[in-house]
A.B. asks: 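This is the structure I want to talk about, given as structure tokens.
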Amino acid sequence: MRMVGLTGGIASGKSTVSSMFKNNNVPVVDADVIARDALKKGSGGYKKVAEAFGPDILQDDGHVDRLKLGRIVFSDAAKRQLLNRLLAPYISSGIFLEILKLWIKGHKVIVLDIPLLFEAKLDKWTKPIVLVWVDPETQLRRLMERDNSTEEDARNRINAQMSLDLKKNRADIVIDNSGSLQDLQERFSEVLSRVKRPLTWTEFWLSRDGALSAFLGVIIGVLVVKKIF
């Protein structure tokens, strides 16, 4: 199975590219969705985060106030590292479970949509790695417009992540999303053809069909040996 890594930065357009993959029948494992589930009221992640950050991050109904929590961690590196450390086991196990489900269903190509792909050192499990890149000025402007935030808040959130230029040097495929949506769609079409190319032999043997073929091969080999001897 080919596991494509999809990453980017805040307001880079990664979610748009992720949706494009879904619309082209390529299943996506979305780490952001899994992270939200890890913070659902009553979950293990919720209990640990509420205990560590206190009742101030909770809404009146007991759910986590994600905006308030976001402002706290994006302005304080130590608290951001604490949050990542608390949620990491739940997010990683959730990602693994979703991959397993898709493997069992026999999908040949899947996309792992993980904003912190490099930071979490998950890039070693994905090939190719697709980065959605924008220039810094465009990223800042889009984030301020999207969240109606101040320049200071927007810069804090951008600076809390690995820079897109650093990620660019480590990616296999870079999608420049500094232009229009039409430009993005044209670039995505080229990427999609690369991602859906035939599997290599290594990727095939790691797929469900490859594993079944190997298993059947072993069974047949055992039967043949028994018949000979």
A.B. asks: Check for me, please, whether Leu116 and Leu83 land in the same ILVMFWY cluster - side-chain distances under 4.5 Å, paths through other members count.
C.D. replies: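 Shared cluster, no.
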A.B. asks: With rounding to the nearest 0.5 angstrom, report the CD to CG distance, Glu119 to Leu166.
C.D. replies: 9.5 Å
A.B. asks: Between Asp32 and Lys14, is the side chain to side chain contact (heavy atoms under 4.5 Å, CB included) condition met? List the steps.
C.D. replies: CA-CA 11 Å; Asp32 282 340; Lys14 177 184 63 61; 4.1 Å; yes
A.B. asks: Is there a donor-acceptor pair closer than 3.5 Å between any side-chain N or O of Gln161 and the backbone N or O of Ile10?
C.D. replies: yes
A.B. asks: Return yes if some donor-acceptor pair links the side-chain N/O of Arg2 with the main-chain N/O of Glu203 below 3.5 Å, else return no.
C.D. replies: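 Checking the backbone N and O of Glu203 against the side chain of Arg2, no donor-acceptor pair under 3.5 Å is found.
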A.B. asks: When you measure from the side chain of Arg197 to the backbone of Arg194, do you find a donor-acceptor pair of N or O atoms at a distance under 3.5 Å?
C.D. replies: yes
A.B. asks: Do the side chains of Tyr46 and Lys40 get nearer than 4.5 Å, heavy atoms only?
C.D. replies: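 No. Closest side-chain heavy atoms not under 4.5 Å.
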A.B. asks: Could you check whether Glu151 pairs with Arg155 (Lys NZ or Arg NE/NH1/NH2 to Asp/Glu carboxylate O, under 4.0 Å)?
C.D. replies: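 Arg155 and Glu151: salt-bridged.
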A.B. asks: Do Asp37 and Tyr90 have side chains that get closer than 4.5 Å, going by heavy atoms?
C.D. replies: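 Asp37 does not reach Tyr90 side chain to side chain.
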A.B. asks: Measuring from Leu184:CG to Leu181:CG, what's the distance to the nearest 0.5 Å?
C.D. replies: 6.0 Å
A.B. asks: Side-chain contact test, heavy atoms from C-beta onward, threshold under 4.5 Å: evaluate it for Val17 versus Ile175 and give yes or no.
C.D. replies: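 In contact.
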A.B. asks: Drop me the distance from Ile158's CD1 to Gln139's CD, to the nearest 0.5 angstrom.
C.D. replies: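 These two atoms lie 4.0 Å from each other.
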A.B. asks: What distance separates Gln81 CD from Asp76 CG, expressed to the nearest 0.5 Å?
C.D. replies: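 Nearest 0.5 Å value for the CD-CG distance: 9.0 Å.
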A.B. asks: Just by modelled atom types, is the Val26 backbone N or O under 3.5 Å from a matching donor or acceptor in the Asn24 side chain?
C.D. replies: no
A.B. asks: Taking it one step at a time, do Leu58 and His63 satisfy side chain to side chain contact (heavy atoms under 4.5 Å, CB included)?
C.D. replies: CA-CA 6 Å; Leu58 301 180; His63 293 283; over 6 Å; no
A.B. asks: Does Ser75 reach the main-chain N or O of Arg71 with its side chain, forming a donor-acceptor pair under 3.5 Å?
C.D. replies: yes
A.B. asks: I'd like to know if Leu6 and Leu192 are part of one continuous hydrophobic network [Ile/Leu/Val/Met/Phe/Trp/Tyr, side-chain heavy atoms within less than 4.5 Å].
C.D. replies: yes
A.B. asks: Are Met162 and Arg170 side-chain neighbours, meaning at least one heavy-atom pair lies under 4.5 Å?
C.D. replies: yes
A.B. asks: Would you say the side chain of Thr16 lies within less than 4.5 Å of the side chain of Asn177, judging by non-hydrogen atoms?
C.D. replies: no
A.B. asks: Please determine if Arg187 and Asp176 form a salt bridge, counting it only when a charged side-chain N lies under 4.0 Å from a carboxylate O.
C.D. replies: no
A.B. asks: Without swapping roles, check the side chain of Glu145 against the backbone of Arg142 for a donor-acceptor pair under 3.5 Å.
C.D. replies: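 Not at all, since once roles are kept as given, no pair shorter than 3.5 Å links the two residues.
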A.B. asks: Please determine if Lys101 and Glu98 form a salt bridge, counting it only when a charged side-chain N lies under 4.0 Å from a carboxylate O.
C.D. replies: yes
A.B. asks: So, the side chain of Asn159 versus the backbone of Asn156: is there a donor-acceptor pair under 3.5 Å, distance only?
C.D. replies: no
A.B. asks: Considering non-hydrogen atoms only, spot the tightest contact between Val134 and Ser178 and give its length.
C.D. replies: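 Residues Val134 and Ser178, closest heavy atoms: CA-OG, 3.5 Å.
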A.B. asks: Using a strict cut-off of less than 4.0 Å between a Lys/Arg side-chain nitrogen and an Asp/Glu carboxylate oxygen, indicate whether Lys41 and Asp61 qualify as a salt bridge.
C.D. replies: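 Not counted as a salt bridge, because no side-chain N and carboxylate O are separated by less than 4.0 Å.
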A.B. asks: Is there side-chain contact between Leu97 and Ile34, with at least one heavy-atom pair below 4.5 Å?
C.D. replies: no
A.B. asks: Give a yes or no on whether Trp125 and Phe118 share a hydrophobic cluster (residues Ile, Leu, Val, Met, Phe, Trp, Tyr; joining criterion: side-chain heavy atoms under 4.5 Å apart).
C.D. replies: yes
A.B. asks: Between the main-chain N or O of Asp56 and the side-chain N or O of Lys68, is there a donor-acceptor pair closer than 3.5 Å?
C.D. replies: yes
A.B. asks: For Arg36 and Ala31, indicate whether the former's side chain and the latter's backbone hold a donor-acceptor pair under 3.5 Å.
C.D. replies: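 Judged by distance alone, no pair lies under 3.5 Å.
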A.B. asks: Rounded to the nearest 0.5 Å, what separates atom CZ in Arg146 from atom CZ in Arg141?
C.D. replies: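 One gets 13.5 Å once the value is rounded to the nearest 0.5 Å.
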A.B. asks: So does Gly8 get a backbone contact from the side chain of Ser12, meaning a donor-acceptor N/O pair under 3.5 Å?
C.D. replies: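 No, Ser12 side chain to Gly8 backbone: no donor-acceptor pair under 3.5 Å.
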A.B. asks: Assigning hydrophobic clusters by single linkage (Ile, Leu, Val, Met, Phe, Trp, Tyr; side-chain heavy-atom cutoff under 4.5 Å), is Phe74 placed with Leu86?
C.D. replies: yes
A.B. asks: Is a side-chain donor-acceptor pair under 3.5 Å present for Thr126 with Asp123?
C.D. replies: no
A.B. asks: Do Val132 and Thr7 have side chains that get closer than 4.5 Å, going by heavy atoms?
C.D. replies: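 Val132 does not reach Thr7 side chain to side chain.
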A.B. asks: Count the heavy atoms belonging to other residues, nucleotides or ligands that lie under 6.0 Å from CG of Asn23, then report whether that count exceeds 12.
C.D. replies: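 Yes.
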A.B. asks: How long is the straight-line distance from CD1 of Ile95 back to CE of Met3, given to the nearest 0.5 Å?
C.D. replies: 10.5 Å
A.B. asks: Do Leu117 and Leu164 sit in the same hydrophobic cluster, where Ile, Leu, Val, Met, Phe, Trp and Tyr count as joined when their side-chain heavy atoms come under 4.5 Å apart?
C.D. replies: no
A.B. asks: If you define the side chain from C-beta out and look only at heavy atoms, does anything of Ile110 sit under 4.5 Å from Ile99?
C.D. replies: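 Ile110 vs Ile99: side chains touch.
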A.B. asks: Walk me through it: do Asp147 and Arg157 pass the test side chain to side chain contact (heavy atoms under 4.5 Å, CB included)?
C.D. replies: CA-CA 11 Å; Asp147 294 350; Arg157 300 193 71 180; 3.1 Å; yes
